[in-house]
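These notes are about the structure you will find just below.
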Amino acid sequence: MNDRLAIVVPCYNEEEVLPISMPELLRVLDDLTAKKKISADSYILFVNDGSRDKTWELLQEGHEKDARVCAVKLAKNCGHQSALIAGLMTAREDADITVSIDADLQDDVAVIEQMVDEYHNGCEIVYGVRGSRKSDSFFKRTTAEGFYKLLASLGVKTVFNHADFRLMSRKALNELAEYKETNLYLRGLIPLLGLKTGQVVYERKERLAGESKYPLKKMLALALNGITSFSVQPIRLVFKVGLLVLLICLGAAIYAFISYITGYVERGWTSLILSIWFLGGVQLLAIGIIGEYIGKIYNEVKHRPLYHIETVLKEDKM
Ligand code: UDP
Ligand code: MG
């Protein structure tokens, strides 16, 4: 087969894992090329997402040693999703298939071959799905699984236990490029493309070295983005809560009126203060949720680019 594969790897401060993952990924390319499943000019595209350590130097060294190590340098840290899209959109120009994978190789590189097989069977998108989450901490596992369930209950279609380890054909990438949104949550977007998809199951491993670049804060931000970019249910919820509170209020008014005409007047200072605080809280919450969506609209309307590419290390002809 003469399909050119590009493995896209976002990297943020990954100096500790690159010396291990780079040769490993090159071995995958060697193997697949030898089996004639991909063309010999397939390559790895690392995206340096504004790292502050030696990541870029390591990538430059790697490129000098082996022309199949290519790299894009973003002008500053733009976050995992934007780094990924930067890599995918760059690879789209000359690769027939892309596989995106994290630099720490927690995802099993051995299944890349199965992904390519699925592509040859006619799939345009192949999801890598985790068989279990044994390698994740209890906290990460429960929060992540709870989050996927929440998304499903809000009506967002996602592939359960699939992160950003996936194969996409050029056709799929061209379709993806039509989605011009600034608030990027790729895992939610890709099922919308409606192309023929496949799945491969693998066991997720521990990080090879270094520590997670997804601290709780970034995880929460991604989760919130996932929900608010794909579902208006939270705003509806605000409406429903408002309605409920109004009904309670009506009940209270009727009760107060009856007590008034029967001559029994409650003193109830506590209940008064409590209801004021309660309503104040509900209102602030509601405004907060609506504000979140307005903030999204604000960002979308500006239509700013998601990333800026500083340099690309890649030969035109390999
Ligand atoms: N990453 C990135 N930019 C960021 C944060 C992370 O490009 O701002 C990359 C990181 O280098 C890695 C991938 O995203 O290749 C996933 O990050 P990590 O493995 O730390 O996340 P976890 O597996 O803990 O969820
Ligand atoms: Mg990881």
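In each ligand, atom 1 is the first atom listed, and ligand 1 is the first ligand listed.
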Under the side chain to side chain donor-acceptor pair (under 3.5 Å) criterion, do Arg207 and Gln106 qualify, and how do the steps go? CA-CA 5 Å; Arg207 206 174 215 287; Gln106 282 187 284; 5.1 Å; no

Among Lys213, Glu206, Lys140, Lys218, which one has a heavy atom closest to atom 22 (P) of ligand 1? Lys140

Can you tell me which residue and heavy atom of the protein come closest to atom 3 (N) of ligand 1, and the distance to 0.1 Å? Asp49 OD2, 2.6 Å

Counting only N and O atoms by type, is there a donor-acceptor contact under 3.5 Å from the side chain of Glu300 to the main-chain atoms of Glu181? no

So, Thr158 side chain and Gly188 main chain: donor-acceptor pair closer than 3.5 Å or not? no

Of the protein's non-hydrogen atoms, which lies at the shortest distance from atom 15 (O) of ligand 1, and what is that distance? Pro10 O, 2.7 Å

What protein heavy atom sits nearest atom 23 (O) of ligand 1, and how far off is it? Gln106 OE1, 2.7 Å

Would you find a donor on one side and an acceptor on the other, under 3.5 Å apart, between the side chain of Ser231 and the backbone of Gln233? yes

With respect to Asp104, determine whether any N or O atom, backbone or side chain, lies less than 3.5 Å from an N or O atom of ligand 1. yes

N/O of Ala83 under 3.5 Å from N/O of ligand 1, yes or no? no

Please write down residue, atom name and distance for the protein heavy atom closest to atom 24 (O) of ligand 1. Ser212 OG, 2.5 Å

Part of Arg207 with heavy atoms under 4.0 Å of ligand 1, whether side chain, backbone, both or neither: side chain

Would you say Ser229's side chain and Gly226's backbone share a donor-acceptor pair under 3.5 angstrom? no

So, Lys73 side chain and Ala71 main chain: donor-acceptor pair closer than 3.5 Å or not? no

Specify side chain, backbone, both or neither for Asn77, according to which of its non-hydrogen atoms lie closer than 4.0 Å to ligand 1. side chain

Do any N or O atoms from the side chain of Asp3 and from the backbone of Asp96 form a donor-acceptor pair under 3.5 angstrom? no

In ligand 1, the atoms that come under 4.0 Å of a heavy atom of Arg204 are 23 (O)

Which protein heavy atom lies closest to atom 21 (O) of ligand 1, and at what distance to 0.1 Å? Tyr214 CD1, 3.3 Å

Can Lys196 and Lys171 be said to form a side-chain contact (heavy atoms from CB on, under 4.5 Å), step by step? CA-CA 11 Å; Lys196 187 166 188 289; Lys171 181 172 161 61; over 6 Å; no

Honestly, for Glu14 the part within reach of ligand 1 (heavy atoms, under 4.0 Å) is side chain

Please identify which atoms of ligand 1 are closer than 4.0 Å to at least one heavy atom of Ala103. 15 (O)

Considering heavy atoms of the protein only, find what lies nearest to atom 14 (O) of ligand 1 and give residue, atom and distance to 0.1 Å. His80 CD2, 3.2 Å

Verify, without hydrogens or angle tests, whether Arg130 (side chain) and His162 (backbone) share a donor-acceptor contact under 3.5 angstrom. no

Sequence neighbours excluded, the answer for ring-ring contact (aromatic ring centres under 6.0 Å, His included) partners of His80 is Tyr214

Derivation of the side-chain contact (heavy atoms from CB on, under 4.5 Å) call for Glu64 and Leu59: CA-CA 9 Å; Glu64 267 157 40; Leu59 292 177; over 6 Å; no

Check: Phe165 ring centre within less than 6.0 Å of Tyr127 ring centre: no

Using a 4.0 Å heavy-atom threshold (strictly under), name the region of Asp102 that reaches ligand 1: side chain, backbone, both or neither. both

Quick one: name the protein N/O/S atoms under 2.8 Å from the Mg ion (ligand 2), chain by chain. Asp104 OD2, Gln106 OE1

Which pair of non-hydrogen atoms, one from Thr33 and one from Ala40, has the smallest distance, and what is that distance? CG2-CA, 3.5 Å

side-chain contact (heavy atoms from CB on, under 4.5 Å) between Lys180 and His303: does it pass, once the steps are laid out? CA-CA 8 Å; Lys180 311 271 185 221; His303 236 293; 3.8 Å; yes

Looking only at protein heavy atoms, which one is nearest to atom 1 (N) of ligand 1, and what is the separation? Tyr12 CB, 3.7 Å

